[in-house]
Amino acid sequence: MAFEEFKAIYGEPKAEWVTNSSVLGSVPLRRFLMHVFAPDYYHLKFLATDFHSNTFHALKSVVQLEDMRDSIGIGGSWSDFVDYIIASVKSEDVKLVLEKRSDSDGPTCAKLVAQKAKGMPVISISLTKLEDSAANNALENLSFSLFKALKSAQNLVVQETGRSSQLTNLILVEKDGSERIQGELGKRQKLEMMNPSYKTGASALSNGSQDSPDKRSARDPAPKKVTTRVVPAHRRAKVRGVFLQDTGDD
C-alpha cells in the first residue's frame, strides 16, 4: 500500500462558498488550481491555491486514507481505492468549498469534494490554510512541478512527432514503389491488349533466356571429333596402270 507510481494530477476545481456561510455571494472568488501528488511513497498531498492570498493543503498518510476508505464504504483492493481517488479528482465535477470562520478578509478553511460520477461515493478532503513562508514554499514547489510537467509533455510531443515523421516517410516510400509497380503492370497490360503477339514474343523471349547457350552446352555436349586414320605406305596397293582392252596375242 504505497504510491510508488502515482503521477501528479492538476485541475481547476469549482470554487464556491459553503451554503450556510454569511458571506455567500458577497466576496468574489478567484480561480483556483488544484494539485494532487505523492511527496513520498506513503503520503498524498492535496493543494489548492488562487496564487494570491488563499492557499490550502492537506497531507494524508496511507493509514488516514484507509480510515477514509472504511468510512466511505469503498470495497475492493487498495489499488482499486487509489484508482477511485484518481478518477474522482480528475472528474469534471470537483468542488472547492470555502468557509469563513472569523472576521478575516477571506476564507479560513476549505474542503475538496469529488466523486467519480453521480450516485457514487464522495471523496471529501478537509484543507487548512497556509500562511506566509509556508504558502510561498507551496507555490514555489507547485510552479516547478508545473514546469517539469510541461517539459515532459514537450519532450513527449517531440518524440511522437519524430516517430510520426518516420512513419510518414516510410509510407511515402512504400506508396511510391507500389505506384511504380502498378504503372509497369498497366503498361504491360496495354501492350498485350494492343498487340496479341507481344505476349507470345515475351513468352518466347522468356523461354529463350531460360534456354541459354550455357544451359544448352551443359545439356547437349559437343560431338566427339572423328579423326581419319592414314594407311601406311607399305600396305597401300601399287597401281601400275590400267588395261583398257585385251590384246590378241595374250
Side-chain angles (χ1 to χ4, degrees), residues 1-18 21 23-24 26-69 71-72 78-79 81-115 122-157:
M1 296 190 302
F3 303 104
E4 293 91 341
E5 300 180 358
F6 191 91
K7 295 182 179 180
I9 301 171
Y10 303 90
E12 183 181 359
K14 300 176 182 178
E16 61 182 38
W17 290 104
V18 66
S21 175
V23 296
L24 181 62
S26 62
V27 179
L29 294 173
R30 297 180 182 273
R31 299 170 63 182
F32 279 79
L33 178 66
M34 174 191 66
H35 185 205
V36 182
F37 63 100
D40 54 50
Y41 290 163
Y42 305 103
H43 293 85
L44 272 187
K45 191 167 187 177
F46 301 82
L47 180 73
T49 180
D50 61 0
F51 291 94
H52 286 270
S53 57
N54 298 309
T55 300
F56 303 90
H57 87 123
L59 184 65
K60 297 295 183 181
S61 65
V62 172
V63 176
Q64 291 173 321
L65 291 173
E66 271 288 342
D67 294 338
M68 183 179 70
R69 174 189 178 190
S71 62
I72 295 175
W78 168 256
S79 61
F81 176 59
V82 174
D83 290 341
Y84 186 81
I85 293 177
I86 295 173
S88 298
V89 297
K90 283 185 175 181
S91 67
E92 298 294 332
D93 193 26
V94 181
K95 297 179 180 180
L96 182 66
V97 182
L98 304 171
E99 186 176 356
K100 182 178 179 182
R101 296 180 180 177
S102 63
D103 296 334
S104 62
D105 296 334
T108 56
C109 60
K111 184 178 291 185
L112 191 66
V113 181
Q115 61 182 149
V122 177
I123 302 293
S124 180
I125 307 292
S126 297
L127 309 176
T128 58
K129 191 171 185 178
L130 294 174
E131 302 287 353
D132 303 329
S133 61
N136 293 334
N137 291 335
L139 293 179
E140 178 184 2
N141 293 333
L142 175 57
S143 299
F144 278 105
S145 179
L146 285 171
F147 174 74
K148 291 179 180 179
L150 176 61
K151 292 294 291 183
S152 177
Q154 289 178 339
N155 293 335
L156 182 60
V157 170

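Keep in mind that this is a model prediction, so the values were computed, not measured.
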If you compare all heavy atoms of [X] against all heavy atoms of [Y], which two are closest, and at what distance to 0.1 Å?
X: S126; Y: A58; result: O-CB, 3.3 Å
X: R30; Y: A15; result: O-CB, 4.2 Å
X: H57; Y: L47; result: CB-CD1, 3.8 Å

Counting C-beta onward and ignoring hydrogens, is there a side-chain heavy-atom pair between [X] and [Y] closer than 4.5 Å?
X: V63; Y: E66; answer: no
X: E16; Y: L98; answer: no
X: L59; Y: Q64; answer: no
X: T55; Y: L142; answer: no
X: V94; Y: M34; answer: yes

For the side chain of [X] and the backbone of [Y], is there at least one donor-acceptor N/O pair under 3.5 Å apart?
X: S91; Y: Q115; value: yes
X: S88; Y: Y84; value: yes
X: T108; Y: E99; value: yes
X: S71; Y: M68; value: yes
X: K90; Y: I9; value: no

**Prompt:** Is the NZ atom of K111 crowded by more than 12 outside heavy atoms at less than 6.0 Å?
**Reply:** no
**Request:** For atom CD of Q154, decide whether the heavy atoms of other residues, nucleotides or ligands shown that lie under 6.0 angstrom number more than 12.
**Result:** yes
**Message:** Please verify the inter-ring angle class for F32 with F56; under 30° counts as parallel, over 60° as perpendicular, anything in between as tilted.
**Reply:** tilted
**Request:** Measure the acute angle between the ring planes of F3 and F6, then classify it against the limits of 30° and 60° as parallel, tilted or perpendicular.
**Result:** perpendicular
